[in-house]
Trainee: 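Mind having a look at this structure? Questions to follow.
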Amino acid sequence: MNYKKHYDLLIKRAQKRVLEEYSEKLHIIPKCVGGNDESENLVSLTPEEHFVAHQLLIKMYPAERGLI
């Protein structure tokens, strides 16, 4: 499975919308792999999407324990 492709699609969809309900911020490029706190690196996700995003990131960066 192409985890990066699915992750990128999730992020692109989230960047094109505004959530009215509860949301959680995700670092698009995780800080533990070199990301920063700039607004361009943050996206609002539903809690379910945030969980899925981390599952994909764990598959993309299996050696990075900071993602768990």
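All values below were derived from every heavy atom in this structure, side-chain atoms included, with hydrogens, water molecules and symmetry-related copies excluded.
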Trainee: Provide the full list of salt bridge (Lys or Arg N to Asp or Glu O under 4.0 Å) pairs with a residue in residues 50-68, sequence neighbours left out, each pair given once.
Mentor: none

Trainee: Test: salt bridge (Lys or Arg N to Asp or Glu O under 4.0 Å). Region: residues 36-46. Which pairs qualify, not counting sequence neighbours?
Mentor: K31-D37

Trainee: I'd like to check the side chain to side chain donor-acceptor pair (under 3.5 Å) partners of S44; sequence neighbours left out, ordered by chain and number.
Mentor: K25

Trainee: If the condition is side chain to side chain contact (heavy atoms under 4.5 Å, CB included), which residues does E20 pass it with, not counting sequence neighbours?
Mentor: V18

Trainee: Using every non-hydrogen atom in the two residues, find where A14 and V43 come nearest and quote the distance to one decimal.
Mentor: CB-CG2, 3.5 Å

Trainee: With sequence neighbours left out, write down each residue that passes side chain to side chain contact (heavy atoms under 4.5 Å, CB included) with K5, or none if nothing qualifies.
Mentor: N2, L9

Trainee: Honestly curious: do I29 and L56 fall in one hydrophobic cluster under the side-chain, below-4.5 Å linking rule?
Mentor: yes

Trainee: I'd like to know if L10 and Y3 are part of one continuous hydrophobic network [Ile/Leu/Val/Met/Phe/Trp/Tyr, side-chain heavy atoms within less than 4.5 Å].
Mentor: no

Trainee: Would you compute the distance between atom CD1 of I28 and atom CG of L57 and round it to the nearest 0.5 angstrom?
Mentor: 10.5 Å

Trainee: With rounding to the nearest 0.5 angstrom, report the CD1 to CE distance, I58 to M60.
Mentor: 11.5 Å

Trainee: Show every ring-ring contact (aromatic ring centres under 6.0 Å, His included) that has at least one partner inside residues 5-27, sequence neighbours left out.
Mentor: none

Trainee: Test side chain to side chain contact (heavy atoms under 4.5 Å, CB included) on L26 and I11; report intermediate values, then the result.
Mentor: CA-CA 9 Å; L26 174 80; I11 298 303; 3.7 Å; yes

Trainee: The criterion is salt bridge (Lys or Arg N to Asp or Glu O under 4.0 Å); which residues satisfy it with R17, sequence neighbours excluded?
Mentor: E49

Trainee: What's the shortest heavy-atom distance between L45 and A53, and which atoms?
Mentor: CD1-CB, 4.1 Å

Trainee: Does anything in residues 37-59 pair up under ring-ring contact (aromatic ring centres under 6.0 Å, His included), and if so which pairs, sequence neighbours excluded?
Mentor: H50-H54

Trainee: Quick one: side chain to side chain donor-acceptor pair (under 3.5 Å) partners of D8, sequence neighbours excluded?
Mentor: K4

